[in-house]
> 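Right, I'll just put the structure down here and ask away after.
If you read the sequence from its start, that first residue is 1, and numbering goes on from there.
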Amino acid sequence: MILHGYWRSGAAYRTRIALALKGLAYDQQGIDLRTGAQRSGAFVALNPQGMVPALEVEGAVLTQSPAILEWLEETHPVPALLPADAFDRAQVRAMAALIGCDIHPLNNLRVGKALRETFGADQAAVDSWAARWILPGFEALEALVARHGAGWCFGAAPTLADCYLIPQIYSARRFNVPLEAFPRLLAIDAVAAAHPAFIAAHPDAQPDAD
């Protein structure tokens, strides 16, 4: 497998976490989003959307991190990142979507670039924009973890929800978003910081990191 990603991309980060939790070996190909490498002819031929991550596997190319994570769960079911019960699986998917659909897309690199170039936003304004979406999302997630968590987002073992949460906390810190109001999320982050899979997936541990 070859993972095409960017070391600080939240979507690539969550994919690395899932791969590490599954114990799967893969090669990495860095795509520097800051220089526009995602728009190169070679990469667009691989992924017409020109976004990371893209996973090459068995002669196919998988794109969009939710689809990649679901494929990993279907093809490498141990250890499971979704619970056995259908209602529980729906809860985990909802927690992941809370981040993947309602928070992350509004504070990724291309949105920040648009805020700067189109509206003249400075870094303080970009940080404020990110907080506007992260804080209410984390408030909801904190309540859901209180309801369903037992050390991780859902239950006592990492799930897809944790694959999404940890990169979003990393991003929140980059945007100087205050997190003291979310003790349950911070507790999960602390546990993840000592977990080998999360350590291996951390942006600073990637070969293309600055």
Side-chain angles (χ1 to χ4, degrees), residues 3 5-6 8-22 47 49 51-55 62-77 79-112 129-175 177 179 181-189 191-192 195 197-198 201 203:
L3 178 65
Y6 173 58
R8 214 159 55 182
S9 158
Y13 189 177
R14 70 177 70 124
T15 304
R16 294 194 302 266
I17 293 171
L19 285 163
L21 287 169
K22 297 289 188 182
N47 178 8
Q49 195 176 15
M51 297 176 67
V52 298
L55 184 67
L62 305 177
T63 62
Q64 288 290 345
S65 61
I68 294 172
L69 268 60
E70 291 281 356
W71 177 85
L72 287 170
E73 184 70 359
E74 291 172 1
T75 57
H76 301 83
L81 299 183
L82 286 170
D85 180 79
F87 283 103
D88 290 346
R89 290 199 303 273
Q91 292 289 354
V92 169
R93 287 184 171 114
M95 295 166 95
L98 188 158
I99 295 169
C101 299
D102 297 332
I103 299 177
H104 173 257
L106 291 162
N107 56 77
N108 63 19
L109 183 64
R110 63 178 183 166
V111 170
W129 169 268
R132 175 179 180 179
W133 309 108
I134 292 172
L135 289 172
F138 275 9
E139 288 173 7
L141 192 59
E142 180 82 3
L144 290 170
V145 170
R147 188 178 303 170
H148 300 293
W152 294 90
C153 283
F154 191 100
T159 66
L160 290 184
D162 302 287
C163 296
Y164 281 75
L165 172 63
I166 299 307
Q168 192 59 63
I169 289 179
Y170 173 85
S171 179
R173 291 190 172 117
R174 286 183 54 227
F175 291 116
V177 177
L179 300 176
F182 313 112
R184 292 179 178 85
L185 303 189
L186 290 177
I188 295 168
D189 184 59
V191 172
H195 191 294
F198 289 84

> Pick out which of Leu81, Leu160, Leu82 makes a side-chain contact (heavy atoms from CB on, under 4.5 Å) with Arg89.
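Going through Leu81, Leu160, Leu82 one by one, the side-chain contact (heavy atoms from CB on, under 4.5 Å) with Arg89 is satisfied by Leu82 alone.
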
> Is Thr63 close to Met51 at the side-chain level, that is, under 4.5 Å between some pair of heavy atoms?
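Counting from C-beta outward, Met51 and Thr63 never come under 4.5 Å.
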
> Between Gln168 (side chain only) and Gly10 (backbone N and O only), is there a donor and an acceptor less than 3.5 Å apart?
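Pair absent, no side-chain N/O of Gln168 close to backbone of Gly10.
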
> Check whether any side-chain heavy atom of Trp71 lies under 4.5 Å from a side-chain heavy atom of Leu55, and answer yes or no.
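Yes, their side chains come closer than 4.5 Å.
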
> For Phe198 versus Ile17, what's the shortest heavy-atom pair and its separation?
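Heavy atoms of Phe198 and Ile17 come nearest at CE2-CG2, 3.5 Å.
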
> Which heavy-atom pair separates Asp85 from Asp88 by the least distance, and what is that distance?
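Shortest heavy-atom separation between Asp85 and Asp88 comes out as OD2-N, 3.0 Å.
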
> Measuring only between side-chain heavy atoms, which start at C-beta, is Arg93 closer than 4.5 Å to Pro66?
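When only atoms from C-beta onward are counted, Pro66 and Arg93 do not touch, as no gap falls below 4.5 Å.
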
> Begin from the C-alpha positions of Val177 and Phe138 and carry the test side-chain contact (heavy atoms from CB on, under 4.5 Å) through to its verdict.
CA-CA 11 Å; Val177 177; Phe138 275 9; over 6 Å; no

> Where is the tightest heavy-atom contact between Asn47 and Pro53, given as atom of each residue plus distance?
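Closest heavy-atom pair between Asn47 and Pro53: ND2-O, 4.5 Å.
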
> Would you sort out whether Leu106 and Arg132 count as a side-chain contact (heavy atoms from CB on, under 4.5 Å), showing the intermediate values?
CA-CA 10 Å; Leu106 291 162; Arg132 175 179 180 179; over 6 Å; no

> What distance separates His195 NE2 from Ile188 CD1, expressed to the nearest 0.5 Å?
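Result: 13.0 Å between the selected atoms.
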
> Glu73: what forms a side-chain hydrogen bond (donor to acceptor under 3.5 Å, both in side chains) with it, not counting sequence neighbours?
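Glu73 satisfies side-chain hydrogen bond (donor to acceptor under 3.5 Å, both in side chains) with Lys22 only.
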
> To the nearest 0.5 angstrom, please state how far the CG atom of Leu69 sits from the OG1 atom of Thr15.
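Answer rounded to 0.5 Å: 5.5 Å.
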
> Classify the ring geometry between Tyr13 and Tyr170 as parallel (under 30°), tilted (30 to 60°) or perpendicular (over 60°).
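The arrangement is perpendicular - the two ring planes meet at more than 60°.
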
> I'd like to check Leu141 versus Ile103 (side-chain heavy atoms, cut-off strictly below 4.5 Å). Are they in contact?
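Answer no - side chains too far apart.
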
> Roughly how far, to the nearest 0.5 Å, is the CG atom of Leu72 from the CD atom of Glu74?
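Here the rounded value is 9.5 Å.
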
> I'd like to know whether Asp162 forms a side-chain contact (heavy atoms from CB on, under 4.5 Å) with Leu21, so could you lay out the CA-CA distance, the side-chain angles of the two residues, the decisive distance to 0.1 Å, and finally the verdict.
CA-CA 11 Å; Asp162 302 287; Leu21 287 169; over 6 Å; no

> Please report the interatomic distance CG(Leu165) to CZ(Arg14), rounded to the nearest 0.5 Å.
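Reported value, rounded in 0.5 Å steps: 11.0 Å.
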
> Would you indicate whether the side-chain heavy atoms of Arg8 and Arg174 approach each other to under 4.5 Å?
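Contact flag for Arg174/Arg8 side chains = yes.
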
> Taking all non-hydrogen atoms of both residues into account, name the closest pair between Asn107 and Ala130 and its distance.
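It is CB-CB, 3.9 Å.
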
> Using side-chain contact (heavy atoms from CB on, under 4.5 Å), reason through Tyr164 and His104 one step at a time and then give a plain yes or no.
CA-CA 9 Å; Tyr164 281 75; His104 173 257; over 6 Å; no

> Considering non-hydrogen atoms only, spot the tightest contact between Ala12 and Gly5 and give its length.
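Shortest heavy-atom contact: CB-CA, 4.2 Å.
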
> Taking all non-hydrogen atoms of both residues, which atom of Ser9 and which atom of Val52 are closest, and how far apart?
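For Ser9 and Val52, the tightest heavy-atom pair comes out as OG-CG2, 3.7 Å.
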
> Mind checking the CD1-CG spacing from Ile169 to Leu179? Nearest 0.5 Å is all I need.
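Answer for the CD1-CG pair, Ile169 versus Leu179, is 6.5 Å.
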
> Given side chains that start at C-beta, do those of Met95 and Val145 come closer than 4.5 Å, heavy atoms only?
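SC-SC contact between Met95 and Val145 confirmed.
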
> Do the rings of Phe154 and His148 sit parallel, tilted or perpendicular, given the 30° and 60° boundaries?
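Phe154 and His148: parallel rings.
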
